[in-house]
Protein chains: 2
Amino acid sequence: MVTQSEENYLKTIYHLGKQGVEAVSTNAIAEQMETKASSVTDMVKKLAEKDLANYVKYQGVSLTKVGRLTAASVIRKHRLWEVFLVNKLKFSWDEVHEVAEQLEHIKSEQLIDKLDEFLDFPKVDPHGDAIPDKEGNFAKISKKLLSECASGEEGIFVGVKDSSASFLQYLDKQHISLGDKIKILHREEFDQSVEIMVNSSLLNISQKTATNIYLQQK
Amino acid sequence: MVTQSEENYLKTIYHLGKQGVEAVSTNAIAEQMETKASSVTDMVKKLAEKDLANYVKYQGVSLTKVGRLTAASVIRKHRLWEVFLVNKLKFSWDEVHEVAEQLEHIKSEQLIDKLDEFLDFPKVDPHGDAIPDKEGNFAKISKKLLSECASGEEGIFVGVKDSSASFLQYLDKQHISLGDKIKILHREEFDQSVEIMVNSSLLNISQKTATNIYLQQK
DNA sequence: CTTATTTTTTAGTCTAATCTAAAAAAATAT
DNA sequence: ATATTTTTTTAGATTAGACTAAAAAATAAG
């Protein structure tokens, strides 16, 4: 049995080391998890003991195949729950993280399968990050900041970069919501503002807004 | 902060001692929770320390007002999650318990409020047990076994007593489902079978079936 | 290439929750 | 009312996870 704490370590190592393939330093993990390096050393030994991680003293940690799969499964759960919280329970994007952080540790294959189905097999979470499938494979999502799109390009609004309450409220007021198709019509040289088409209405957004919106293209 | 383990003890004491008001013996708790009496003693001291329980050596435990409220809140979460699992994710009744057992410990007021709303403020869980409100008050549910109803009576099918897979499948086959209005037409003296009206169709059910179905009246 | 600095590990504590075995109190039976 | 049985508590260990402080290894600087 993989404990909750072990799952959290696996997740962190996965994120820090390119899907857990690259070796990650003890200190990096400690900093990320806001814990002490000595605690990390202890845990990392345990993960190696359980064949979830490869660990050589003074040389950092990477994940084994099983470790990577376990980490991906936790990430899958986290992101599916985030979709549930936002799409079904109407949480706003900035409120979901800590709750999903708890829900990701619920142990039940069946629960996640049924949740996945209930949500209609989403491929991205509310922040625009890919949701891995049961085998731990991530769909290649080509998401790009709106500010990086040329005029003429279009894409689906799949996430925000910085999800402050005020920004989300602004989006709400402009009737821009997740899943909307956005087309870039014109980029204004002088102030980097962008004219876009959303829900068949024209809108002008500031550069700041444009650097906060992720579009998914095909 | 109340730990997961503390919550489980509170819940057990609540259930064993008439909402936690009556004192419950150490042994009774140990047996119910499949743990050792010595572990119970330890925990019960801690609960008393935190003013969640009243405890006098050798005289059993009851809950304080705060303890009762905390227990009721855990039960509320458990039952709301059960409704979610059955109504939304299409779990069958006998599969939900252990998952709800985990979900009940997720800490987020907001989550439960929104879940409650999402489920349309249910008053009973899939087993026909009342869901307490935020103040810990249970709606008085007058649920009765179908076998105890006189002919002429009617009620809403709110739960089952023993939820074996085969029984649930039988109900499915007969097109009897949760929330259906059932009217008792006639009770056969000789074999205790009962003729009922469900979804405007006549049905004859055995005594065994009748003792497994809970009806809610008014 | 030796010294200083940083990183990582080890050794020893601590807390929460559990357990076993023994002691103490309460309940029951003779 | 005394002995026996049952229940409950205490004492002492154990395990997971985290911490502090000191030691060891690796890295950087002169």
Side-chain angles (χ1 to χ4, degrees), chain A residues 1-14 16-17 20 22-63 67 70-71 74 98 101-102 104-107, chain B residues 1-14 16-17 20 22-63 67 70-71 74 98 101-102 104-107:
Chain A
M1 230 273 291
V2 183
T3 69
Q4 199 153 314
S5 183
E6 286 165 355
E7 287 187 344
N8 284 331
Y9 276 93
L10 289 174
K11 211 176 43 161
T12 302
I13 298 168
Y14 190 94
L16 289 178
E22 264 178 24
V24 175
S25 83
T26 305
N27 252 9
I29 299 169
E31 192 179 347
Q32 176 72 29
M33 298 186 71
E34 296 186 312
T35 181
K36 293 299 153 79
S38 55
S39 308
V40 176
T41 302
D42 284 351
M43 180 53 91
V44 145
K45 281 180 182 170
K46 200 161 55 131
L47 293 177
E49 192 62 44
K50 289 190 174 186
D51 282 319
L52 294 165
N54 311 112
Y55 169 59
V56 184
K57 264 191 193 181
Y58 296 105
Q59 285 175 225
V61 216
S62 62
L63 299 183
T70 309
V74 177
E98 57 168 338
E101 207 65 13
Q102 295 179 62
E104 72 187 7
H105 300 295
I106 302 291
K107 280 167 183 52
Chain B
M1 231 275 291
V2 183
T3 69
Q4 199 154 314
S5 182
E6 285 166 355
E7 286 186 346
N8 285 331
Y9 275 94
L10 289 174
K11 210 175 45 161
T12 302
I13 297 167
Y14 189 95
L16 289 177
E22 264 178 26
V24 176
S25 82
T26 304
N27 252 9
I29 299 169
E31 192 179 348
Q32 176 72 29
M33 298 185 72
E34 297 186 313
T35 180
K36 294 300 154 80
S38 55
S39 308
V40 176
T41 304
D42 284 351
M43 179 54 90
V44 145
K45 281 180 182 170
K46 201 160 54 130
L47 293 177
E49 191 64 42
K50 289 192 175 185
D51 283 319
L52 293 165
N54 310 113
Y55 170 58
V56 184
K57 266 190 193 183
Y58 297 104
Q59 283 176 226
V61 216
S62 60
L63 298 183
T70 309
V74 177
E98 56 169 339
E101 209 61 20
Q102 296 179 62
E104 73 188 8
H105 300 294
I106 302 291
K107 278 165 184 55

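In what follows, every chain begins at residue 1, and chains take the letters A, B, ... in the order their sequences are listed.
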Item to check | Which nucleotide in D:dT20, C:dT20, C:dT18 has an atom nearest any side-chain atom of B:Lys36 | outcome: C:dT20
Checklist entry - Phosphate oxygens OP1/OP2 of D:dA18: is one of them under 4.0 Å from a side-chain N or O of A:Tyr9? => result yes
Checklist entry - In whole Å, what is the span from the CE atom of A:Met33 to the P atom of D:dA18? => result 7 Å
Item to check | Evaluation steps, salt bridge (charged side-chain N to carboxylate O under 4.0 Å, His left out), between B:Glu7 and B:Lys107 | outcome: CA-CA 11 Å; B:Glu7 286 186 346; B:Lys107 278 165 184 55; 3.2 Å; yes
Next on the checklist: Tell me the interatomic distance from A:Glu6, atom CD, to D:dA16, atom C1', rounded to whole angstroms.
Outcome noted: 9 Å
Checklist entry - Between B:Asp42 (CG) and C:dA16 (P), how many Å, whole number? => result 12 Å
Item to check | Sequence-aligned protein contact record of nucleotides 4-9 of chain D, with B where the base is within under 4.0 Å of a protein heavy atom and S where only the sugar-phosphate is | outcome: ---SSB
Checklist entry - Picking from D:dA18, D:dA16, C:dT18, which would you name as closest to the side chain of A:Thr3? => result D:dA16
Item to check | Salt-bridge criterion met for A:Glu31 and A:Lys36 (N-O under 4.0 Å) | outcome: no
Checklist outcome for this item: Rounding to 0.5 Å, atoms CE (A:Met43) and OG1 (A:Thr3) come to a distance of 5.0 Å
Item to check | Donor-acceptor contact below 3.5 Å, side chain B:Lys45 vs main chain B:Val40 | outcome: no
Next on the checklist: Using a strict threshold of under 4.0 Å (side-chain N to carboxylate O), is an ion pair present between B:Lys11 and B:Glu101?
Outcome noted: yes
Checklist entry - Under 3.5 Å, is there a donor-acceptor pair between the side chain of B:Ser39 and the main chain of B:Thr35? => result no
Next on the checklist: Rounding to an integer number of Å, can you tell me how far B:Glu49 CD sits from C:dA16 P?
Outcome noted: 11 Å
Item to check | Distance in angstrom units between A:Leu47 CG and D:dA16 P, rounded | outcome: 13 Å
